[in-house]
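Residue numbering restarts at 1 for every chain, and letters A, B, ... go by the order of the sequence lines.
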2 protein chains.
Amino acid sequence: MDSINIKKLAEALKLSTSTISRAFRDNSDISSATKELILAKAKELNYQPNHYASNLREQKSKTIAVIVPELANNYFSQAIHGIERIARENGYHILIYVTDDDFKKEVTFIRHLHNGRADGIVMSVSGEANDHNYLNKFGNKRLPLVFFDRIYEDIETPRVITNDYNSSFLGTEHLIDQGCKRIAYMVVNKSLSIGKTRMQGYIDALEKHHIKFDESLIVDCSNSYEENSVIIKQALTDLKPDGVFTSVERLAFATYYACYDLKISIPHDLKVISFSSLEIAPLLNPSLSTITQPAVEIGEQAAKLLFIILDGKADKNHPHEVVLQSKIIQRNSTSNQPK
Amino acid sequence: MDSINIKKLAEALKLSTSTISRAFRDNSDISSATKELILAKAKELNYQPNHYASNLREQKSKTIAVIVPELANNYFSQAIHGIERIARENGYHILIYVTDDDFKKEVTFIRHLHNGRADGIVMSVSGEANDHNYLNKFGNKRLPLVFFDRIYEDIETPRVITNDYNSSFLGTEHLIDQGCKRIAYMVVNKSLSIGKTRMQGYIDALEKHHIKFDESLIVDCSNSYEENSVIIKQALTDLKPDGVFTSVERLAFATYYACYDLKISIPHDLKVISFSSLEIAPLLNPSLSTITQPAVEIGEQAAKLLFIILDGKADKNHPHEVVLQSKIIQRNSTSNQPK
DNA sequence: TTGTACGCGTTATCAG
DNA sequence: CTGATAACGCGTACAA
């Protein structure tokens, strides 16, 4: 038998297991001499307190779960990075779950996580169109949960969002300022809370500038690359917009591809602006005007909010909302200067 | 007391805990009637076997750890996605650790993981220049480990890599075919195994075409965006290359930015090709020629390799190497047609 | 088919 | 300051 545990270490040192245990915990009384002795021997024998035993004992896992709709999106990668950093600073580890925008997976993940595997959850949701009530079924056993970016408005839990309404209002206004009259709005799922908020900013900006809102200019896209390609080409051909506002970066890319194919010139024939955290937006052809969310910071804030709950400094049902500011960055895709 | 456990569920059903336990395991004998009864009640009371208790008992965590140098890189995001998918199919969860290319963090993560928290590790390494022997210090207690992409050649463990030598040979040859005579090679860390392999392909391609290898054309970059900007501008100005081969996409972006600033026209004055898994490479200005690795598949293969070990179908020290093929995709950044 | 009892590796409590 | 002991929640021999 080659595995090491507290008992064997105790035997090796002629000490009790309690003493060993104490050497690894900061709070307990122990002479610094024996402590060093123990830690030295532990290192030699490659001993570490077993995580599962400790956590069974302490009823906590020092782990937080992160659930995101997708990974192939700069925004979520950056957000996860932020979460990871804060988690590590707090001695926590992170489990990653990708729903691929599948609500059923989300429910499965969340349910599963309630077996003690994680102490809390940071999530960007995938199923606004569905019944979120599953989150309330856990009663007061529900794990601490923090939403970021994509949230369920009807679930009371802390959240980190950006000023989406205002951003899309300003983004739309920017297109109008650049001379656009027919602005299409591309969205993946109208019913997503984030889709709705962003859309409202678009609608209100149109109204302010006395442009009649035309529902047909709302283009509802899917999650499939191929489908979107078809949908967008169709929309550009049929609707003949002179401006496009896309609610996620993926749709801006699809619009670019469509324009290449259809020989539509950006920004001459069509101006494009998008929500996007893409760091290389300036390198696109043409460079893409963006509304950029502070993705890393959003992740950090979400993690911090979760730790406030985990540290018992706030009730987990107490709604707490952090609103961060996005930046609108004008680039060539919305320029009205001849190039 | 509101928490549910096996004992309370047993009481509620007037059954023993072992019977409950059996209902949740496929192998044990139990009448399907009682099993259904138990599962129904469990659902009602929101009971799930505690993960930590189970795993303490069974001495395994059903968790694999994924260690990557960075997250803000399409390649790693995609690879993680692949790993996640395979893990989920096998009923495993994944823990994510980001080293930020810091070798010390890598060592800390690996050490820590040997406390039972994970059953295996999938890693792309961060410290080729350092002493990797720490991986051998665990003796036969070392966790099953699979490298992907960035590996330590001196550590015997399964690995998934791409045909880097050949790819960079072909990439370099492509630049030569397009008329380049002075090809700079940009690398983040010369000593990284992956950097060395890729560099050798570059060198051999030059030789084949009777171009003298000039060491000063090897540009050693850093991980800092600002530093790279300076280094690359300097290199472009001093060395006046007519072609650039970058070993990671980040450096291609930096080169693009530098060229914008220096008014160097790509591809007219300078042709650029890069290793990159960026899906929107065609959208860049100009579209970027790439050597694209099958990132998702690499992740999947790495995970599969790990599961082969975890399932006991292979000895963990048995070296097993999977080599996947990258694709070289020519776009405008290496075009020699007048645009 | 079901129940009893022990142990997985820790840590908190209490006694010394 | 250190040691003995019980308990965390579960799964499996073994017994019934």
Original post:
Which part of the nucleic acid, if any, lies within reach of A:Ser21 when heavy atoms closer than 4.0 Å are counted: base, sugar-phosphate only, or nothing?
Top reply: base
Subject >> Base of D:dA4 paired with side chain of A:Ser18 (donor-acceptor, under 3.5 Å) >> reply: yes
Original post:
Residues in salt bridge (charged side-chain N to carboxylate O under 4.0 Å, His left out) with A:Glu297, at least two apart?
Top reply: none
Subject >> Among C:dG9, D:dG11, D:dG3, the nucleotide that comes nearest once only the side chain of B:Arg25 is considered >> reply: D:dG11
Subject >> Euclidean distance, A:Ile6 CD1 relative to A:Ile38 CD1, rounded to 0.5 Å >> reply: 9.0 Å
**OP:** Grab the CG-C1' distance between A:Leu37 and D:dC1 for me, whole Å please.
**Re:** 15 Å
Subject >> By ring-ring contact (aromatic ring centres under 6.0 Å, His included) - contacts of A:His81 (at least two apart) >> reply: none
**OP:** Please report, rounded to the nearest Å, how far the P atom of D:dC10 is from the CD1 atom of B:Ile20.
**Re:** 10 Å
Subject >> For A:Glu84, all residues meeting salt bridge (charged side-chain N to carboxylate O under 4.0 Å, His left out), sequence neighbours excluded >> reply: A:Arg88
Contacts under 3.5 Å, N or O only, protein and nucleotides 14-16 of chain C:
none

Subject >> side chain to side chain donor-acceptor pair (under 3.5 Å) contacts touching residues 90-99 of chain A (sequence neighbours left out) >> reply: A:His93-B:Tyr97, A:His93-B:His112, A:His93-B:Arg117, A:Tyr97-B:His93, A:Thr99-A:Ser126
Original post:
With sequence neighbours left out, what residues match B:Glu58 under salt bridge (charged side-chain N to carboxylate O under 4.0 Å, His left out)?
Top reply: B:Arg25
Subject >> Separation of atom CD1 in B:Ile6 from atom P in C:dC6, rounded to whole Å >> reply: 17 Å
**OP:** Rounded off to whole Å, could you give me the CZ-to-C1' distance for the B:Arg117 and C:dG9 pair?
**Re:** 16 Å
**OP:** Establish whether the base of C:dT2 is bridged to the side chain of B:Thr34 by a donor-acceptor pair shorter than 3.5 Å.
**Re:** no
**OP:** Take A:Ser61 and A:Asn55 through the test side chain to side chain donor-acceptor pair (under 3.5 Å) and record every step on the way to the result.
**Re:** CA-CA 5 Å; A:Ser61 64; A:Asn55 290 143; 5.9 Å; no
Original post:
Would you say a side-chain N or O of A:Ser16 is under 4.0 Å from OP1 or OP2 of D:dG3?
Top reply: yes
**OP:** In whole angstrom, give the distance that lies between atom CD1 of B:Ile38 and atom P of C:dT1.
**Re:** 13 Å
Original post:
Whole-Å distance between D:dG11 C1' and B:Tyr52 OH?
Top reply: 19 Å
Subject >> Interatomic distance where CG belongs to B:Asn55 and C1' belongs to D:dG9 [whole Å] >> reply: 12 Å
**OP:** Please report, rounded to the nearest Å, how far the P atom of D:dT2 is from the NZ atom of A:Lys35.
**Re:** 12 Å
Original post:
Counting just side-chain N and O atoms, does A:Gln59 come under 4.0 Å of either OP1 or OP2 of D:dA7?
Top reply: no
Subject >> Close side-chain approach of B:Ile121 to B:Val146, heavy-atom, < 4.5 Å >> reply: no
Subject >> Given C:dT10, D:dG9, D:dG3, the nucleotide with the shortest approach to the side chain of B:Leu56 >> reply: D:dG9
N/O donor to acceptor pairs below 3.5 angstrom from side-chain atoms of residues 39-49 of chain A, sequence neighbours left out:
unit_1: A:Asn46; atom_1: ND2; unit_2: B:Lys137; atom_2: O; d: 3.1
unit_1: A:Gln48; atom_1: NE2; unit_2: B:Arg111; atom_2: O; d: 2.5

**OP:** Specify the residue among A:Phe24 and B:Arg57 whose closest nucleotide of DNA chain C lies further upstream toward the 5′ end.
**Re:** B:Arg57
Subject >> Qualifying residues under ring-ring contact (aromatic ring centres under 6.0 Å, His included), relative to B:Phe76, sequence neighbours excluded >> reply: none
**OP:** Check each residue of residues 43-50 of chain B for a non-hydrogen atom within less than 4.0 Å of any atom in DNA chain D, then write out the ones that pass by number, or none.
**Re:** B:Tyr47, B:Gln48, B:Pro49, B:Asn50
Original post:
Hey, does the side chain of A:Ser31 come within less than 4.0 Å of D:dT2's phosphate (OP1/OP2), counting only N and O?
Top reply: yes
Original post:
At under 4.0 Å between heavy atoms, what does B:Ile30 touch on the DNA or RNA strands: base, sugar-phosphate, or nothing?
Top reply: sugar-phosphate
